[in-house]
Asker: 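Dropping the structure in here first, questions after.
Chain letters run A, B, ... following the sequence lines, proteins first and then strands; every chain starts at 1. Side-chain atoms are counted along with the backbone in the values below, which use heavy atoms only and exclude waters and symmetry mates.
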Amino acid sequence: MSPETIQITLPDGAVREVPRGTTAAQIAHQISPRLAKEALVARADDQLIDLSRPLEQNTKVAILTPKDADAVQVFRHSASHLLAAAVLELYPEVKLGIGPPTETGFFYEFVRPEPFTPEDLEKIEAKMHELAAKDIPNERKLMPKPEALELYRNNQQQFKCELVEEKATDPMVSFYTTGKFVDFCRGPHIPSTGRIKAFKLMNVAGAYWKGKEGNPQMQRIYGACFVEPKQLEEYLQKLEEAKRRDHRRVGKELGLFTVSDQVGSGLPLWLPKGATIRRILEDYILEQERRAGYQHVYTPDLAKVELYKRSGHWAHYHEDMFPPMDLETEQLVLRPMNCPHHILVYENKKHSYRELPVRIAELGTMYRYERSGVLSGLSRVRVMTLNDAHIFCMPEQIKEEFAGVMRLVERAYRDLGITQYTYRLSLRDKADKTKYVENDAMWDLAENMLREAMNALGLPYTEAPGEAAFYGPKLDIQLADVMGHQETYSTIQIDFHLPNQFDLGYVGADGQLHRPVMIHRGVISTMERMVSYLIELYAGAFPAWLAPVQTVVLPITERQNAYAEEVNRKLLEAGIRSEFDGRNEKLQAKIRDAQLQKIPYMLVIGGKEAEAGTVSVRHRSKGDLGPRPLEQFSADLKQEIDMRAIV
RNA sequence: GCCGAAGUAGCUCAGUGGUAGAGCAGCCGAUUCGUAAUCGGCAGGUCGUGGGUUCAACUCCCACCUUCGGCUCCA
C-alpha cells in the first residue's frame, strides 16, 4: 500500500483501495450511482460523518440511506438548520438556542420579544420550502474556539456563546453553514437542503433554556419531518387518529366523565357510564388479587402530617402534596401515597415468619398537588385511586413475590387486551443526592435484586437512571399510546427504607426479631389512568365485558314496545347491562345512535321477533347477524362476557 | 408554575363597536317505519369571571379562572 492510498472496508467485508482524501460520497458513487443518490450520511468506524468529509486513514465505511434510523435523524437535524436559516432570513434579530432532531421531526429554539403567530409559521414554512428548492449545500467549517466565541459575541448570540463554552472541548470548533446561516454544530449533516421536502411546522411552544425551570423561556418551533412525503402523510393521519381516540373527546361523546371548574382542576367527575367501567375494573382486579392471596383493607385518605414525616414523604415529596390542614391540635394532610397506612395495618399485630408474605391491598385514593399546567382529562389528575398493595416479606421471598406480581400484571393485561408494553428498570440518579433517601448499600442491594428477578424471568428491560421512587428502585411497565408515547402504568418497587423508618419486624424461626422487606406494587395503575388508556385503546368500543352498556333493545315501531321492554327486563335480570330505546324514531336513527355510542349489541325487535320470541342481533362492527331466540343470544353473550373476550 | 392559543345554547361551531345565530341534542305535535339521521313547531345564552375604555362592548384594554399545545414534573 502506497502512502497515497488507504483501505476502505465496506459493511459486506469488501476492501477497496482508494486515494487518501477520498470522500464517502465518492465511494458511494463507485459502488452505484443509485446509492450515491440515496445516501444521506456515512458511518466511519462507528462515527457519523458528512459524505463530503475526506477520509485520511484506513476506515470501515458504511453509506447510510433513509433506511437507516441514524441517517434519518441526521436528515431531521439538517431540517432544523433549514428552519433556523428560514427564521433568520425573516426575523434577523432572533437569538438562537438549540435545534436537534426529535422522534418525528425536529425543533429549533429562538428568543424573540414577540411571539411567533400561526401566520408567522406559515411564512417560515414557505421560506423553508424556498430555501430547500435552492438546494443549498450544508458545509462544515472549523474555527478556533476564541474566534467562535468572538463571532457569537459580535452577533449577540449569548445562548450560542454558552454552548460553545460548554460543549467545545477541542481547540477547533466545527460550524455548519447553509447559505448565510452559520451554526455551531457537531454535525454531521446531509449534503444539501434539496431533499428536505416532507415537513410541516406543527406548533410553537414555550421551553426553558436547556430544559431547566428558572432559565429564560425560548420559543420552540416544532416540525414534523420525514424523508419521504408518504411517511409525513402517514404520520399526520396517525395524529388525526390519535385525536379521534383521545379519551377526553371520547369520554365526552360517550358520557364517561366530565370536569367542572366548580369542583376544580384535575378533579374529574365519573358519570354513570364511566363509573360502570371503573367499577367493573375494580371488581375484576380485587377478584384477581383475592385469588393471589391479597388481603384488602380500607384506610383513610387523611393522616397526621407526622406520619408522613416519619415515612420520609414529607422530606422528599411534600412539594407534591396538598398543604396541611391546620386543626386545633394537629395538622392533617391528604395522603399522596398509601404506604404508611398499610404499614400501620401490618404493625397492628406481631408477625411470625410463618405468616409472611403478608399482602395488604386497597383501592387507595390519594391526592397529589400536580402543577396546574400538567393536568389533563383522566390521565393527569389530582385525585386518583390506585390499585395499590404492599407485600411484607422476608428477603429470600422477594424473587417469588416479584414473579407473582408479574403474573398478575400479565394476566390483567391479557384480559384487558393490552399488548403494547415494555419493562423499564427505574434506578436512582447517583449524582442527585437530594431526590433519594441516602443509603448506597441499600440501593445497590435493591437494584440488583430487581435485575436478578427480571433476569430470572427472562424478560427484556431497559434501565432508566433517575426514575426511581425516593425510597427505592422500581420495575415500571410502560404502555404505549396510539402515537407510541410511553407512560408508566404498572410498577413494582423493592423497599428497604420504609421498614426501617417504621422499625418493622417479624419473629424468625430463631425466635429473634427480623426486618421484613416491603414490595410496593400497582398492577392496573390508577383507575383514572387505566380507564383513559382503555378508552383510547378501544376508541370507546369496549369489549362486551367492559362496555358500560352491552345491549340496546330497539323496537321498530311502538307496537313492539311491550315485547321489547320484556326483552330488556330479561337481559337485565340475566345480569346484562341493557337499555331500551323506546323513542318515537325510525329504526335507522336508533341504530345510528347506538353505533355512535359503540354499544356492542343492538337487538332489533319487529313484528316477526315479537311473534316468535326472538331477537334480531346486530353487532356494532359485524353488522346484521340475523334472528335467534332471546335465550340463545343471552347465553352466548353471557359466555362472551365471562370469557372476557376481546372482540 | 412557565410560554403560546382558546373560552358564544347541553354538544359542535358562525358572528371584527350598533337589538346574540345555525345544526344536533331537549320539549310538544304529526308519522308507525326492518339495520348509521322522518317532518313541523317550541324552548334554550348576564357571550368564562371581574374591572375598565366608549353614547354604545361578544367585539377594544387589564386582571383572574378554565381548557388545549408544549416546557418542567409525573401514577
Side-chain angles (χ1 to χ4, degrees), chain A residues 107 109 111 114-118 120-121 202-222 243 246 248-249 252-253 255 258-266 317 319-320 336-337 364 366 368-388 426 467 469 474 476-479 487-491 520 522 524-530 532-533 554-561 583-597 602-609 616-620 623-627:
Chain A
F107 67 78
E109 292 175 346
V111 172
E114 307 78 34
F116 287 110
T117 63
D120 290 336
L121 287 196
M202 305 300 286
N203 52 35
V204 46
Y208 301 109
W209 170 236
K210 292 187 196 153
K212 243 177 120 180
E213 216 169 335
N215 275 353
Q217 191 122 23
M218 324 282 288
Q219 295 191 61
R220 188 180 277 188
I221 299 180
Y222 279 89
K243 248 192 230 161
D246 189 313
R248 291 167 300 191
R249 172 183 173 149
K252 195 181 264 186
E253 286 166 354
T258 188
V259 283
S260 160
D261 51 15
Q262 294 186 69
V263 177
S265 282
Y317 205 78
E319 295 274 304
D320 298 291
M337 293 184 191
M366 42 205 211
R368 297 184 181 177
Y369 181 60
E370 299 290 342
R371 317 236 249 146
S372 59
V374 307
L375 302 172
S376 170
L378 280 183
S379 55
R380 278 303 292 276
V381 291
R382 285 176 167 168
V383 56
M384 67 210 89
T385 298
L386 181 66
N387 161 227
D388 203 1
S426 297
E467 297 288 343
K474 43 185 193 149
D476 291 324
I477 303 173
Q478 312 284 111
L479 302 202
E487 196 72 68
T488 299
Y489 284 74
S490 310
T491 178
H520 307 236
I524 56 168
S525 183
T526 63
M527 299 307 123
E528 289 76 12
R529 192 165 268 190
M530 182 50 79
S532 77
Y533 184 82
L554 310 178
I556 293 174
T557 75
E558 283 171 4
R559 283 196 295 277
Q560 290 88 41
N561 275 8
R583 290 176 304 160
N584 179 8
E585 284 291 348
K586 286 173 73 172
L587 176 63
Q588 289 176 67
K590 295 182 185 182
I591 286 179
R592 180 184 147 84
D593 290 341
Q595 287 284 153
L596 291 175
Q597 285 297 303
M602 287 151 265
L603 303 180
V604 175
I605 307 292
K608 284 177 280 185
E609 288 78 8
S616 270
V617 181
R618 178 191 162 97
H619 184 265
R620 70 179 165 213
D624 190 351
L625 302 177

Asker: When the C1' atoms of B/G10 and B/C27 are considered, how many whole Å apart are they?
Answerer: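 Result for the C1' pair: 14 Å, nearest Å.
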Asker: Check whether A/K590 reaches the backbone of A/P555 with its side chain - one donor and one acceptor, N or O, closer than 3.5 Å.
Answerer: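 The answer is yes, because a donor-acceptor pair under 3.5 Å joins these two groups.
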Asker: With heavy atoms under 4.0 Å as the rule, sort A/V259 into base, sugar-phosphate or nothing.
Answerer: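 The residue A/V259 makes no contact with any strand.
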Asker: Checking all strands, does A/Y222 fall into the base, sugar-phosphate, or nothing category for heavy-atom contacts under 4.0 angstrom?
Answerer: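 Sugar-phosphate contact only.
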Asker: Counting N and O atoms only, with roles assigned by atom type, does the side chain of A/E528 sit under 3.5 Å from a partner on the main chain of A/R380, one being a donor and the other an acceptor?
Answerer: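 Flag not set: sc A/E528 to bb A/R380 has no pair under 3.5 Å.
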Asker: Look at the side chain of A/E609 and the base of B/G34, then say whether one donor and one acceptor between them are separated by less than 3.5 Å.
Answerer: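 Answer is yes: a donor-acceptor pair is held.
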Asker: Please evaluate residues A/M384 and A/R529 with respect to the criterion side-chain contact (heavy atoms from CB on, under 4.5 Å), reporting the C-alpha separation (whole Å), side-chain torsions for both, the decisive distance (0.1 Å), and the verdict.
Answerer: CA-CA 8 Å; A/M384 67 210 89; A/R529 192 165 268 190; over 6 Å; no
Asker: Select base, sugar-phosphate, or nothing to describe what A/Q588 touches, counting heavy atoms under 4.0 Å on all strands.
Answerer: sugar-phosphate
Asker: Taking the same atom, C1', in B/G45 and in B/C33, what whole-Å distance lies between them?
Answerer: 36 Å
Asker: Assuming nearest nucleotide by heavy-atom distance, tell me which of A/F116 and A/K252 is located more 5' along RNA chain B.
Answerer: A/F116
Asker: Atom CG of A/D320 to atom P of B/C73: distance rounded to whole Å?
Answerer: 11 Å
Asker: Tell me the interatomic distance from A/D593, atom CG, to B/U38, atom P, rounded to whole angstroms.
Answerer: 9 Å
Asker: Would you please test A/V111 and A/M218 for side-chain contact (heavy atoms from CB on, under 4.5 Å) and show each step?
Answerer: CA-CA 5 Å; A/V111 172; A/M218 324 282 288; 3.5 Å; yes
Asker: What is the distance, rounded to the nearest whole Å, between atom CZ of A/F107 and atom C1' of B/G70?
Answerer: 11 Å
Asker: Can you find an N or O donor on one side and an acceptor on the other, under 3.5 Å apart, linking the side chain of A/R380 with the base of B/C74?
Answerer: yes
Asker: For atom OH of A/Y317, is the number of surrounding heavy atoms from other residues, nucleotides or ligands below 6.0 Å larger than 12?
Answerer: yes
Asker: Determine the interatomic distance between P on B/U67 and the same-named atom on B/U59; round to the nearest Å.
Answerer: 23 Å
Asker: Nearest-Å distance, CG (A/L375) to P (B/C65)?
Answerer: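 After rounding, the gap between these two atoms is 13 Å.
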Asker: Take atom CD of A/Q478 and atom C1' of B/C74, then tell me their distance rounded to the nearest Å.
Answerer: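 Checked: the CD to C1' distance equals 11 Å.
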Asker: Heavy atoms only, 4.0 Å cut-off, all strands: where does A/E487 land among base, sugar-phosphate and nothing?
Answerer: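 The answer is base, as A/E487 lies within the cut-off (heavy atoms under 4.0 Å) of a base atom.
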Asker: Are more than 12 heavy atoms, taken from residues, nucleotides or ligands other than A/E319, located less than 6.0 Å from that residue's CD atom?
Answerer: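 Atom CD in A/E319 is not crowded, with 12 or fewer foreign heavy atoms closer than 6.0 Å.
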Asker: For B/C64 and B/U46, measure between their P atoms and round to the nearest Å.
Answerer: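 After rounding to an integer number of Å, I get 25 Å for this pair.
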Asker: Quick one: label A/T488 by what it contacts on the DNA or RNA (base, sugar-phosphate, nothing), any heavy atom closer than 4.0 Å.
Answerer: sugar-phosphate
Asker: Let me spell it out: for each of A/G606 and A/E467, pick the nucleotide of RNA chain B with the closest heavy atom. Which residue's pick is nearer the 5' end?
Answerer: A/G606
Asker: How does RNA chain B look in dot-bracket notation if pairs are Watson-Crick or G-U with both distances under 3.5 Å, crossing ones as [ ], other-strand ones as |?
Answerer: (((((((..((((....[..)))).(((((.......))))).....(((((..]....))))))))))))....
Asker: Mind checking A/K474 for me? I need base, sugar-phosphate or nothing, with any heavy atom below 4.0 Å counting as a touch.
Answerer: sugar-phosphate
Asker: I'd like the C1' distance from B/G44 over to B/A5, given in whole Å.
Answerer: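 Looking at atom C1' only, B/A5 and B/G44 are 30 Å apart.
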Asker: Name the nucleic acid region contacted by A/E370, choosing base, sugar-phosphate or nothing; use a 4.0 angstrom heavy-atom cut-off, strictly under.
Answerer: base
Asker: Checking all strands, does A/R559 fall into the base, sugar-phosphate, or nothing category for heavy-atom contacts under 4.0 angstrom?
Answerer: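 Counting heavy atoms under 4.0 Å across all strands, the contact made by A/R559 is with sugar-phosphate only.
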Asker: Expressed in angstrom and rounded to an integer, what is the separation of A/E585 atom CD from B/G40 atom C1'?
Answerer: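 Computing the A/E585:CD to B/G40:C1' distance gives 14 Å.
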Asker: Rounded to whole angstrom units, what separation is found between the CZ atom of A/R382 and the C1' atom of B/U67?
Answerer: 14 Å
Asker: Has the side chain of A/D246 got a donor or acceptor atom that lies under 3.5 Å from a matching backbone atom of A/K243?
Answerer: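 No, the answer is negative, given that no donor and acceptor are paired below the 3.5 Å cut-off.
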Asker: Is there a donor and acceptor pair closer than 3.5 Å between the side chain of A/Y208 and the base of B/G1?
Answerer: yes
Asker: Could you report the tightest heavy-atom contact between A/L378 and A/S532, atom names first, then the distance?
Answerer: CB-CB, 3.9 Å
Asker: Within the structure shown, what part of the strands sits under 4.0 Å from A/G607 by heavy-atom distance: base, sugar-phosphate, or nothing?
Answerer: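 Here A/G607 touches the bases of the nucleic acid.
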Asker: So what does A/S525 touch, heavy atoms closer than 4.0 Å: a base, only the sugar-phosphate, or nothing?
Answerer: sugar-phosphate
Asker: Any N or O donor-acceptor pair under 3.5 Å from the base of B/A37 to the side chain of A/Q595?
Answerer: no
Asker: For nucleotides 43-51 of chain B, list the nitrogen or oxygen atoms of the protein found under 3.5 Å from its nitrogen or oxygen atoms, one pair per line.
Answerer:
none

Asker: Are the side chain of A/R368 and the backbone of A/D320 linked by a donor-acceptor contact shorter than 3.5 Å?
Answerer: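 No; zero donor-acceptor contacts below 3.5 Å.
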Asker: How many whole angstroms separate atom CE of A/M337 from atom C1' of B/A75?
Answerer: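 Nearest whole value for this atom pair: 9 Å.
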Asker: If you look at every strand shown and take non-hydrogen atoms under 4.0 Å, does A/L386 touch a base, only sugar-phosphate, or nothing?
Answerer: nothing
Asker: Using the P atom as the reference point in each nucleotide, state the distance between B/C13 and B/A6 in Å, no decimals.
Answerer: 14 Å
Asker: Please work out if A/T491 contacts a base, only the sugar-phosphate, or nothing of the nucleic acid, heavy-atom cut-off 4.0 Å.
Answerer: nothing
Asker: Is there a donor-acceptor pair closer than 3.5 Å between any side-chain N or O of A/E558 and the backbone N or O of A/R583?
Answerer: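 The answer is no, because no donor-acceptor pair under 3.5 Å joins these two groups.
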